[in-house]
There are 2 protein chains.
Amino acid sequence: MTPAGRRIVAAAEELFYNRGITAVGVDLIAEHSGVTKRTLYNQFGSKDHLVAAYLTGRDQRWRSLVRAAVDASDTPAEAVTAPFEALRTWSGTNTRGCAFINALAELPDPSHPAYRIAANQKLWLLDLFRELAVTAGCSHPATLATQLLVLHEGAVAMQPLSLDSLPESTALARALVRAGTSPRH
Amino acid sequence: MTPAGRRIVAAAEELFYNRGITAVGVDLIAEHSGVTKRTLYNQFGSKDHLVAAYLTGRDQRWRSLVRAAVDASDTPAEAVTAPFEALRTWSGTNTRGCAFINALAELPDPSHPAYRIAANQKLWLLDLFRELAVTAGCSHPATLATQLLVLHEGAVAMQPLSLDSLPESTALARALVRAGTSPRH
DNA sequence: TCGCAGGTATACTGATCTGTGAACATCTCT
DNA sequence: AGAGATGTTCACAGATCAGTATACCTGCGA
């Protein structure tokens, strides 16, 4: 991607995430990125593809952060809840909920180029939870992974209301992993 | 509200929820409700106030459903997770996630007449969880209520991806209530 | 019978929307 | 020197947006 392309995506990310996709026009994005509308269309072809590029970039950044958190874990059991650690730092600069859930709310058409990206982001996290649970030797990895995903997404969704539920969610997630790895009582 | 007003809100609800608020114009709503745009503006004054009316109506329907589920519970412990029962029937006809979270994604301005309605809907549920937890004699009602809210909202948020996480969420919620009401082991 | 509330019909404003056309500038690589 | 990629400037098309103006119709209650 060209330097102008990167500036466009950066401006689009800020505007789309904070003001909504439909509410932000391409003229505004071009202005914020110091670029002509012509360049924007030469680079991305349409607003829909720019939306897809916005979500793709965000997805990559998020996955890198999660992978780093997983790699930094001391034990396999800690690794299972590493995405909650990633979310803790991520939340510092992203307080408007999940960009992918928000995007799906505005783009109900499954044939939209951004739809698959948003949907895959959640399926990827679900798969990651399951793999990490298997590695940690949890007893019901599929069920645990679903519960962890729900906890995770719920915590993200509550961000805009400024009632910080991440500590409670993280604590519960850790307790679930402990209960799944320790012998039954 | 006049009969025409009710038809307008009904059409607005269907369109706003399924296609997004910003993406739906007032002309389309007027057409779907078999009403003139003039009538729409005579009744609601502006699109913003129509959005507020849409969310208010939906909030009332949801609260009624939850209250009915609470009242139908056999024990105080069951009542704590009654909103999850309400969500089970609600999900049958609402598979596009939470209308209030989706609205907040599109309306970041706190001074928007619909903002407070959407935010209060979540705070109401959090308070309800807490009160029900206290009534059931749970040990840490505030923490439990937060965890139940996160589980609940996470389950709603995962609806659009058609991976049905409601059973796992409900099961976990019930287990949390049991653990909070039974003696420690 | 009068008045009024609720509603219809239609045309309109001014702004904003996505997207395109055409000509020109700048840079790098060959 | 030449070619191709990148980007600029500016005008423009056609549609849609929220909201308003004006005039008319209808049923009902005082």
Side-chain angles (χ1 to χ4, degrees), chain A residues 1-57 102-103 105-109 111-115 117, chain B residues 1-57 102-103 105-109 111-115 117:
Chain A
M1 197 182 313
T2 66
R6 277 186 287 271
R7 287 214 312 276
I8 293 170
V9 173
E13 172 157 5
E14 214 238 84
L15 291 167
F16 283 154
Y17 181 64
N18 288 307
R19 305 193 197 178
I21 292 172
T22 316
V24 168
V26 289
D27 298 84
L28 187 63
I29 296 172
E31 185 189 332
H32 272 239
S33 48
V35 146
T36 340
K37 194 163 55 161
R38 205 75 195 80
T39 301
L40 190 153
Y41 275 95
N42 284 343
Q43 289 284 326
F44 300 98
S46 71
K47 182 183 178 179
D48 287 346
H49 286 93
L50 175 57
V51 173
Y54 145 56
L55 290 181
T56 300
N102 293 356
E106 289 200 69
L107 313 169
D109 180 11
S111 68
H112 192 288
Y115 188 93
I117 299 165
Chain B
M1 198 183 312
T2 66
R6 277 185 288 272
R7 288 213 312 278
I8 294 170
V9 173
E13 172 157 6
E14 214 238 82
L15 291 167
F16 282 154
Y17 181 64
N18 288 306
R19 305 193 197 179
I21 292 173
T22 316
V24 168
V26 289
D27 298 84
L28 187 63
I29 296 171
E31 185 189 332
H32 271 239
S33 48
V35 146
T36 333
K37 195 162 54 158
R38 203 78 196 81
T39 300
L40 190 154
Y41 275 94
N42 284 343
Q43 288 284 328
F44 299 98
S46 72
K47 183 184 178 180
D48 286 346
H49 286 92
L50 176 57
V51 173
Y54 146 56
L55 290 181
T56 300
N102 293 356
E106 288 200 70
L107 313 169
D109 180 11
S111 69
H112 192 289
Y115 189 93
I117 299 165

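Computed over heavy atoms, backbone and side chain alike; hydrogens, waters and symmetry mates excluded. Predicted model, so just to flag it, every value in this text is computed and none were measured.
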* **Minimum side-chain heavy-atom gap B:L28-B:R19 below 4.5 Å** => yes
* Under 3.5 Å side-chain donor-acceptor pair for B:S111 and B:D109 -> yes
* Can you find a heavy atom in the side chain of A:N102 that is under 4.5 Å from one in the side chain of B:N102? -> no
* Asked: Quick one: on DNA chain C, does A:L28 or B:R7 contact a more 5' nucleotide (nearest heavy atom)?
  -> B:R7
* Please name the pair of heavy atoms, one in A:D27 and one in A:K37, separated by the smallest distance, quoted to 0.1 Å. => OD2-NZ, 3.3 Å
* Enumerate the residues from residues 37-50 of chain A whose closest heavy atom to DNA chain C is under 4.0 Å, giving them by residue number; use none for an empty result. => A:K37, A:R38, A:Y41, A:S46, A:K47
* Asked: How would you label the contact of B:T36 with the nucleic acid (heavy atoms, under 4.0 Å): base, sugar-phosphate, or nothing?
  -> base
* Counting only heavy atoms not in A:H32, do more than 12 sit closer than 6.0 Å to its NE2 atom? -> yes
* Leading and trailing nucleotides of DNA chain C with any atom under 4.0 Å from heavy atoms of chain B -> C:dG7 to C:dT10
* Go through the side-chain N and O atoms of A:E106 and B:T22 and say whether any donor and acceptor fall under 3.5 Å apart. => no
* **Sugar-phosphate, base or nothing in reach of A:G34, heavy atoms under 4.0 Å** => sugar-phosphate
* Distance from B:Q43 atom CD to B:H49 atom NE2, nearest 0.5 Å? -> 14.0 Å
* Side-chain heavy atoms of B:V9 within contact of B:M1, under 4.5 Å -> yes
* Check whether any side-chain heavy atom of A:L55 lies under 4.5 Å from a side-chain heavy atom of A:F16, and answer yes or no. => no
* Asked: Just wondering, do B:Y17 and B:E14 contact through their side chains at under 4.5 Å, heavy atoms?
  -> no
* Structure fact -> Within residues 12-21 of chain B, the residues having a heavy atom closer than 4.0 Å to DNA chain C are none
